[in-house]
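Computation of the quantities below employed the complete heavy-atom set of this structure, encompassing side-chain atoms and omitting hydrogens, waters and symmetry-equivalent molecules. Positions are given from 1 along the sequence. Atoms within a ligand are numbered from 1 in the order they appear, just like the ligands themselves.
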Amino acid sequence: MRKILVIHGPNLNLLGTREPGIYGRLTLAKINQMLKTDAKKAKVTLVIKQSNHEGQIVDFIGQAKKNKFQGILINPAAYTHTSVAVRDAVAACGLSVVEVHLSNIYSREEFRHKSLISPVASGTILGFGAKSYTLGLSALLDLISAK
Ligand code: DQA
């Protein structure tokens, strides 16, 4: 059975009420439910984590291979733009990693235009709201199957 780790970064626990004009009205629980439905169809086990703490996210990524995950789906949220530590963890983890964002970071403030994660991710999907996650999971499963 394939096993995928989903990581939601800081403030994504607030989805539903957090700037709904940008991030939509779906809660994180609802997004997780959508992902679980897709995973069930694809016969994949999902483990889903959310953290507001950089070091904890680094630990999740760093332990993923040892914990028998084959891939990571991650929305690093604000750490996308600031965290060399998360980037280095992604680069070192030895797994396929798909980066996702709800919003189109390139159509927003300039400080969001740079992702430190994209250059070391297998691929990035952004701008489709909650659908970015389901598209990201599908792309990640294709990558893993092709390995
Ligand atoms: C985000 C975009 C980031 O710039 C922001 O800090 C987030 C969410 C997104 O999913 O659109 O927290 O990653």
K.L.:
I need the nearest protein heavy-atom contact for atom 11 (O) of ligand 1: residue, atom name and distance, please.
P.N.:
S103 OG, 2.6 Å
K.L.:
If you look at every heavy atom in S122 and L143, which pair is closest and at what distance?
P.N.:
CB-CD1, 3.5 Å
K.L.:
Hey, mind stepping through V100 and L126 against side chain to side chain contact (heavy atoms under 4.5 Å, CB included) and telling me if it holds?
P.N.:
CA-CA 5 Å; V100 298; L126 57 93; over 6 Å; no
K.L.:
So, does N11 sit close enough to ligand 1 that a heavy atom of it is under 4.0 Å from the ligand?
P.N.:
no
K.L.:
Going by distance only, is there an N or O of I105 that falls short of 3.5 Å from an N or O of ligand 1?
P.N.:
no
K.L.:
For atom 9 (C) of ligand 1, what is the nearest protein heavy atom, given as residue, atom name and distance?
P.N.:
L102 N, 3.4 Å
K.L.:
Which of the atoms of ligand 1 are close to R18, meaning less than 4.0 Å from one of its heavy atoms?
P.N.:
7 (C), 12 (O)
K.L.:
How close do I125 and A139 get, counting heavy atoms only, and between which atoms?
P.N.:
CD1-CB, 4.2 Å
K.L.:
To the nearest 0.1 Å, how far is atom 6 (O) of ligand 1 from its closest protein heavy atom, and which atom is that?
P.N.:
R112 NH1, 3.1 Å
K.L.:
Quick one: does E109 get a heavy atom under 4.0 Å from ligand 1?
P.N.:
no
K.L.:
Specify the closest pair of heavy atoms between Q50 and N11, including all atoms of both residues, with the distance to one decimal.
P.N.:
NE2-N, 4.0 Å
K.L.:
If I apply the N/O under 3.5 Å rule, does L12 come out as touching ligand 1?
P.N.:
no
K.L.:
Going by the angle between their ring planes, with limits at 30° and 60°, are Y106 and H113 parallel, tilted or perpendicular?
P.N.:
tilted
K.L.:
Determine, step by step, whether T80 and E99 satisfy the side chain to side chain contact (heavy atoms under 4.5 Å, CB included) criterion, reporting the C-alpha distance in whole Å, the side-chain angles of both residues, the deciding distance to 0.1 Å, and the verdict.
P.N.:
CA-CA 9 Å; T80 305; E99 173 193 5; 3.5 Å; yes
K.L.:
List the closest protein heavy-atom neighbour of atom 1 (C) of ligand 1: residue, atom name, distance to the nearest 0.1 Å.
P.N.:
H101 ND1, 3.7 Å
K.L.:
Considering the options I48, L5, I7, L140, which one meets the side chain to side chain contact (heavy atoms under 4.5 Å, CB included) requirement together with L73?
P.N.:
L140
K.L.:
Looking only at the side chains, is there a donor atom on one of S103 and R108 sitting less than 3.5 Å from an acceptor on the other?
P.N.:
yes
K.L.:
I want to know if ligand 1 touches T80 in the polar sense, i.e. an N/O pair below 3.5 angstrom.
P.N.:
no
K.L.:
Please write down residue, atom name and distance for the protein heavy atom closest to atom 4 (O) of ligand 1.
P.N.:
H81 NE2, 2.7 Å
K.L.:
Are E54 and N52 close enough, and set up right, to give a side chain to side chain donor-acceptor pair (under 3.5 Å), and what steps lead you there?
P.N.:
CA-CA 7 Å; E54 186 175 14; N52 294 325; over 6 Å; no
K.L.:
Based purely on interatomic distance, does R108 place a nitrogen or oxygen under 3.5 Å from a nitrogen or oxygen of ligand 1?
P.N.:
no
K.L.:
Taking heavy atoms and a distance under 4.0 Å, where does L126 meet ligand 1: side chain, backbone, both or neither?
P.N.:
neither
